[in-house]
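Excluded from the calculations below are hydrogen atoms, water molecules and symmetry mates; all remaining heavy atoms, backbone and side chain alike, are included.
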Amino acid sequence: MESNRIEGIGHQVKGAVMEGLGKAIGDAKLAADGAAERAMGDEQNVAGAVGDQLIGVDADRIKGVAHQVKGALIQGLGAIVGNPQLSADGVAERLAGKVQNAAGSARDLAREEVEKQRAAIEHLNCRNALARKTH
């Protein structure tokens with residue numbers, strides 16, 4: 001199931017980039033193909049989902065990276081064609097991706113801390129149970 005999610009995320013990223021590039025250069029077919037690719041990735045990702053995690057990584061981290069890549073491409077394209085608005089849109093997309101990635105990272109850290117605390121409590125419970133049996 002994890003390979004399904006990984007492949008789905010690949011389609012989501014590819015689709016988002018294609019869609020963003022299509023919109024940026026005014027190519028409606030490329031934008032539509034990108035949206036279709038992204039939708040296919042969404043479906044594949046959901047089909048392979050178990051909870052909201054992929055190999056211990058919050059989904060927002062992956063989506064955030066996709067937005068950063070998309071933003072960088074749009075920003076670069078804006079610079080190449082001399083369109084400051086397009087370049088600014090790329091910067092905004094990239095920054096939104098960084099924020100989304102950071103939110104996912106914070107959830108990952110919180111989840112790891114909860115697991116550490118849970119393991120410590122379980123360890124103490126086992127020690128206490130053994131101590132009661134030996135008395």
Enter the distance from [X]:[atom1] to [Y]:[atom2] here, rounded to the nearest 0.5 Å.
X: Glu112; Y: Lys116; atom1: CD; atom2: NZ; answer: 6.5 Å
X: Asn83; Y: Asp89; atom1: CG; atom2: CG; answer: 8.0 Å
X: Glu93; Y: Lys70; atom1: CD; atom2: NZ; answer: 4.5 Å
X: Arg94; Y: Asn101; atom1: CZ; atom2: CG; answer: 13.0 Å
X: Gln75; Y: Ile80; atom1: CD; atom2: CD1; answer: 11.0 Å
X: Arg107; Y: Leu109; atom1: CZ; atom2: CG; answer: 11.5 Å

ILVMFWY network linking [X] to [Y], side-chain heavy atoms under 4.5 angstrom:
X: Val81; Y: Ile25; answer: yes
X: Met40; Y: Ile62; answer: no
X: Val91; Y: Leu73; answer: no

### Query
Sub-3.5 Å donor-acceptor pair from the side chain of Asp108 to the main-chain atoms of Asp58, do we have one?
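Pair found, side chain donor or acceptor close to backbone of Asp58.
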### Message
Ignoring hydrogens, what is the shortest heavy-atom contact between Ala79 and Ser87? Give both atom names and the distance.
### Response
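Nearest heavy atoms, Ala79 then Ser87: N-CB, 4.3 Å.
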### Task
Would you mind listing every salt bridge (Lys or Arg N to Asp or Glu O under 4.0 Å) that reaches into residues 24-36, with sequence neighbours excluded?
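Residue pairs with at least one partner in residues 24-36: Lys29-Asp33.
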